[in-house]
Amino acid sequence: MTHDEFPTDNPALVTCGLPYANGDLHVGHLRTYVSGDAFSRALRTLGQRTAFVSGSDMHGTPIAVNAEQEGVSPEEFALRHHEQYEETFPRFNVDFDNYGHTHDETNVELTQAFVRTWEENDHVYEKEIQVAYDPEADQWLPDRYVEGECPYCGEHARGDECDEGCQRHLEPGDIVDPVSTLTGNPAEYREREHEFLRLSEFQEYLEGFINRLEGTSNAQNQPREWIEGDLQDLCITRDMDWGIDYPGDGEDDLVLYVWVDAPIEYVASSKQYSERVGTDTYDWEEVWRDGDSEIVHVIGRDIIQHHTVFWPSMLRAAEYNEPRAVCATGFVNLNGKAFSTSRNRAIWADEYLQEGFHPDLLRYYLATAAGFERDVNFSWERFQERVNSELADVVGNFVNRALLFAARNFDGTPDAELTDETETRIAEAMDDYEDALNDYDVRAAGETAVALARYGNEYIQNAEPWKLDADEAAPVIRDCVQLVKAVAVLLQPITPEKAEEAWDQLDADGSAADATVGDCLQATPDSFAEPDGPLFEKIDDERVAELNEKLEARVEEASADEEEGETVESGEDESESESADVEALVEERVGFDDFEALDLRVGRVDGAEGIEGADKLARLTVDIGVETRQIVAGIKQLHDLDELPGTKVIVVANLERAELFGVESNGMVLAAGEDADLLTTHGDAEPGTRVK
RNA sequence: AGCGGGUUGGGAUAGCCAGGAGAUUCCGCCGGGCUCAUAACCCGGAGAUCGGUAGUUCAAAUCUACCACCCGCUACCA
């Protein structure tokens with residue numbers, strides 16, 4: 001690794017965090033992949049030799065659990081998602097040089113080789129720990145396979161984390177009164193030998209590493225708490241079948257912890273690339289161990305610790321090169337709030353494409369909406385605004401008016417010298433672009449292109465070539481055509497296909513994808529035809545309204561479903577139970593205390609009206625004795641709202657407030673089944689009476 | 001609880017690490033111009049005491065301390 005400015009003479013490697021093969025991709029994921037792809041493309045425009053790789057993360061408990069629920073093997077389950085990802089990325093012009101997965105042979109072999117080296121160099125030791133065991137299922141219970149009481153705060157907690165109480169991380173063996181999530185039976189603790197990587201011995205190394213690490217500042221700052229505190233050794237094995245076998249004697253069914261084999265996929269994937277194109281073109285061993293290289297990891301900001309603590313230690317222990325930079329992207333919010341995949345409050349990758357939008361529009365939005373590490377808000381309104389006013393009005397319009405004028409009046413590039421002013425302006429943009437990339441600032445790099453197009457619009461407007469004769473107009477149009485070329489080159493990493501279109505309209509040699517920054521000032525073709533149309537179409541208001549309606553209807557449907565199917569305790573992540581005729585009984589029993597925690601009251605509906613735009617939701621005003629509440633319920637189509645006032649209902653009075661379809665709901669009205677058959681009282685209990 | 005990040009005209013966003021005159025840019029708003037181009041584009045204007053308080057300094061959006069609110073991470077969610 002060096003800290004020389006890009007481009008360097010060394011091979012670079014850009015990687016993206018592995019998507020977990022467990023669900024669909026949404027625009028939150030895409031932000032990371034688009035950023036990584038744009039950065040790697042941009043490095044190439046600087047002339048940097050670069051490979052861009054990633055792969056699917058196939059192992060771990062959530063996949064094993066979900067596969068079991070679906071009744072398929074973990075491998076089948078994970079492969080299905082892997083294939084889906086592999087198809088989806090290119091559709092967004094995220095073009096990996098190699099995209100593998102952690103369960104393929106290359107990664108398995110490499111991972112085991114890593115571990116053997118660690119063992120040889122004494123970076124690993126065995127320790128007996130207490131692990132929960134389900135005697136009935138005859139199975140070990142790692143991580144989330146076990147629940148129980150948090151030893152610190154006494155709250156109900158998952159095996160790996162006190163998710164409801166104090167939020168502390170729990171080590172295997174910590175949890176009190178463990179219960180198997182497989183069978184619901186009490187689990188017992190048994191002694192078990194596990195392998196540990198001596199992270200603690202890398203403390204000093206990591207302190208140095210974190211200070212020389214480049215990339216985004218969050219990646220440098222967030223892990224300080226760990227690195228400068230006491231580092232725990234990392235338990236690198238799990239009692240599972242699904243995963244990569246711990247190398248060695250093989251009598252145990254220990255597999256490696258997913259965070260061991262996952263980042264090694266970066267190595268494996270680059271190795272596969274190397275094997276495909278030949279080591280003369282790209283030598284993975286040069287990159288990872290034998291030579292100098294520039295390794296840049298692009299990840300989401302939720303996995304910073306893994307890439308700045310575990311991973312560099314793993315590399316160091318195996319005598320591999322360390323990364324030069326870790327770039328951690330912020331999250332994407334939807335209309336100001338976090339995505340909720342269980343509530344279907346997300347913009348899915350497939351959905352976006354099905355709407356017929358060009359992938360480059362979303363790429364532009366995600367890559368330039370805010371700084372790399374800042375969170376980005378997504379809304380269809382904002383999407384429209386940025387596409388229309390920046391891509392269509394500024395970039396598209398400039399390219400179109402310049403090339404059209406040039407083709408009509410000069411059949412191509414006019415025979416004139418580039419003016420000093422424009423040449424300087426373009427040269428400045430090229431410098432800004434290079435500086436931006438050396439700051440790992442994809443957004444700023446993209447803005448250089450838009451700024452250039454903006455300059456072009458001002459320039460052509462002020463010069464008014466349409467009022468000039470041909471000789472006078474020639475230098476102006478000559479400049480504009482050059483500006484178009486520069487815009488195409490500089491925007492290529494972010495909107496590759498659209499840049500290619502501009503390149504073709506210009507009839508320039510080769511392709512925009514192969515262009516380098518220097519081409520911004522290279523001559524443009526003497527002749528080209530009129531462009532076949534503007535690069536970007538505008539999105540009209542009706543379309544945005546339609547998209548928002550779809551989104552809201554979907555979210556409302558999902559939350560209405562959730563509301564109906566809600567059981568007492570909803571701490572579980574996602575319950576995608578197929579609705580059979582009658583739902584199976586919940587096996588897990590709750591204590592009387594848990595029941596008493598619910599404040600159920602008799603209420604009387606005072607008013608009911610539908611919520612505009614929502615299919616199912618109704619806004620109810622309910623008198624619960626002490627006060628009158630506004631409650632939103634998914635009963636609009638199922639009841640005659642006008643007849644509801646006066647009806648007595650049962651209300652969960654101390655349910656968290658929620659906002660449904662923009663309306664606050666302060667409580668929940670209980671109803672049975674799909675038809676939302678309202679619960680009422682048999683006698684004449686007054687509103688406010690507690691239900692026990 | 002600890003840690004990280006954020007708070008900048010009506011909305012969004014940059015600047016902060018390396019303090020320096022009118023605080024960037026986009027949308028919106030008001031007025032004007034122009035018409036080659038997608039009713040586009042160009043010019044001009046109004047609008048921000050940069051979350052609060054206290055400090056350091058000749059000088060603070062920027063550095064320091066404290067406070068408020070928001071978001072995230074805390075070892076398997078991009």
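Lettering of chains follows the sequences in order, A, B, ..., and the numbering in each one begins at 1. Model, not experiment: these values are computed from the prediction.
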- line: For A:Y433, the side chain to side chain donor-acceptor pair (under 3.5 Å) test, sequence neighbours excluded, returns A:T45
field: Set of side chain to side chain donor-acceptor pair (under 3.5 Å) partners for A:N457, sequence neighbours left out
entry: A:R401
message: Tell me the interatomic distance from A:L404, atom CG, to B:C36, atom P, rounded to whole angstroms.
response: 11 Å
- request: Identify whether any heavy atom of A:V309 sits under 4.0 Å from a base atom; if not, whether one sits that close to sugar-phosphate; answer base, sugar-phosphate or nothing.
  value: nothing
task: For the pair A:N333 (side chain) and A:N377 (backbone), establish whether a donor and an acceptor sit closer than 3.5 Å, ignoring hydrogens and angles.
output: no
message: I need the CG-P distance between A:N409 and B:U35, as an integer number of Å.
response: 16 Å
- request: Could you tell me the separation between the CG atom of A:N400 and the P atom of B:C36, rounded to a whole number of Å?
  value: 14 Å
- prompt: What nucleotide, of B:U13, B:C41, B:A78, holds the atom closest to the side chain of A:A370?
  reply: B:U13
field: salt bridge (Lys or Arg N to Asp or Glu O under 4.0 Å) contacts in which one or both residues fall within residues 402-414 of chain A, not counting sequence neighbours
entry: A:R408-A:E530
Given A:F89, A:F52, A:Y266, the one that forms ring-ring contact (aromatic ring centres under 6.0 Å, His included) with A:Y99: A:F89
Base of B:C36 and ring of A:W466 stacked, centres under 5.5 Å, planes under 30°: yes
- prompt: Expressed in angstrom and rounded to an integer, what is the separation of A:N377 atom CG from B:U13 atom P?
  reply: 8 Å
message: I need the residues from residues 386-396 of chain A with at least one non-hydrogen atom less than 4.0 Å from RNA chain B; give them sorted by number, or say none.
response: A:S389, A:E390, A:A392, A:D393
message: Work out how far the P atom of B:A61 is from that of B:U53, and round it to whole angstrom.
response: 13 Å
query: Quick one: on RNA chain B, does A:K467 or A:G300 contact a more 5' nucleotide (nearest heavy atom)?
result: A:K467
- prompt: By side chain to side chain donor-acceptor pair (under 3.5 Å), which residues pair with A:Y365, not counting sequence neighbours?
  reply: none
task: Look at all strands and tell whether A:G533 reaches a base, only sugar-phosphate, or nothing, counting heavy atoms closer than 4.0 Å.
output: nothing
query: In chain order, what residues pass the salt bridge (charged side-chain N to carboxylate O under 4.0 Å, His left out) check against A:R374, with sequence neighbours excluded?
result: none
- request: Report the distance from atom CZ of A:R401 to atom C1' of B:U35, rounded to the nearest whole Å.
  value: 9 Å
query: Sequence neighbours excluded, which residues qualify as side chain to side chain donor-acceptor pair (under 3.5 Å) partners of A:S269?
result: A:N98
- prompt: If each of A:F372 and A:Q305 is mapped to the nucleotide of RNA chain B with the nearest heavy atom, which maps nearer the 5' terminus, i.e. the 5' end?
  reply: A:F372
- line: Sequence neighbours excluded, the answer for side-chain contact (heavy atoms from CB on, under 4.5 Å) partners of A:D532 is A:Q505
- request: Please work out if A:G28 contacts a base, only the sugar-phosphate, or nothing of the nucleic acid, heavy-atom cut-off 4.0 Å.
  value: base
- line: Applied to residues 441-464 of chain A, the ring-ring contact (aromatic ring centres under 6.0 Å, His included) test, sequence neighbours excluded, yields A:Y455-A:Y459
- prompt: For the pair made of CG in A:N397 and P in B:C34, what is the distance, rounded to whole Å?
  reply: 19 Å
- line: Nearest heavy-atom contact between A:G446 and A:I494 is CA-CD1, 3.4 Å
- prompt: In chain order, what residues pass the ring-ring contact (aromatic ring centres under 6.0 Å, His included) check against A:F405, with sequence neighbours excluded?
  reply: none
message: Given B:A78, B:U13, B:C41, identify the nucleotide with an atom nearest to the side chain of A:T329.
response: B:A78
query: How far does the P atom of B:A18 sit from the matching atom of B:U62, given to the nearest Å?
result: 14 Å
message: Heavy atoms only, 4.0 Å cut-off, all strands: where does A:Y33 land among base, sugar-phosphate and nothing?
response: nothing
P atoms of B:G28 and B:A23, separation to the nearest Å: 23 Å
query: Is the side chain of A:D37 donor-acceptor paired with the backbone N or O of A:Y33 at a distance under 3.5 Å, no angle test?
result: no
query: Using a 3.5 Å cut-off on both pairing distances, which stems of three or more Watson-Crick or G-U pairs include RNA chain B?
result: B:1-7 with B:68-74, B:10-12 with B:25-27, B:29-33 with B:41-45, B:51-55 with B:63-67
- request: Give a yes or no on whether a donor-acceptor pair under 3.5 Å exists between the nucleobase atoms of B:C43, that is its base, and the side chain of A:Q461.
  value: no
message: Among B:A78, B:U25, B:C43, which nucleotide has an atom closest to any side-chain atom of A:H29?
response: B:A78
- prompt: So which nucleotide from B:C36, B:U25, B:C43 ends up closest to the side chain of A:E458?
  reply: B:C43
query: When the P atoms of B:C16 and B:C63 are considered, how many whole Å apart are they?
result: 9 Å
field: Same-atom distance (P) from B:A59 to B:A14, integer angstrom
entry: 30 Å
task: Using atom CG of A:N438 as one end and atom C1' of B:A18 as the other, report the distance to the nearest whole Å.
output: 17 Å
Polar atoms only, N or O, under 3.5 Å: list the protein pairs with nucleotides 2-12 of chain B and their distances.
{"from": "B:G2", "atom 1": "O2'", "to": "A:E225", "atom 2": "OE2", "distance (Å)": "3.4"}
{"from": "B:G5", "atom 1": "OP1", "to": "A:N221", "atom 2": "ND2", "distance (Å)": "2.9"}
{"from": "B:A12", "atom 1": "O2'", "to": "A:R382", "atom 2": "NE", "distance (Å)": "3.3"}
{"from": "B:A12", "atom 1": "O2'", "to": "A:R382", "atom 2": "NH2", "distance (Å)": "2.9"}

- line: Of B:A78, B:C42, B:U38, the nucleotide closest to the side chain of A:N462 is B:C42
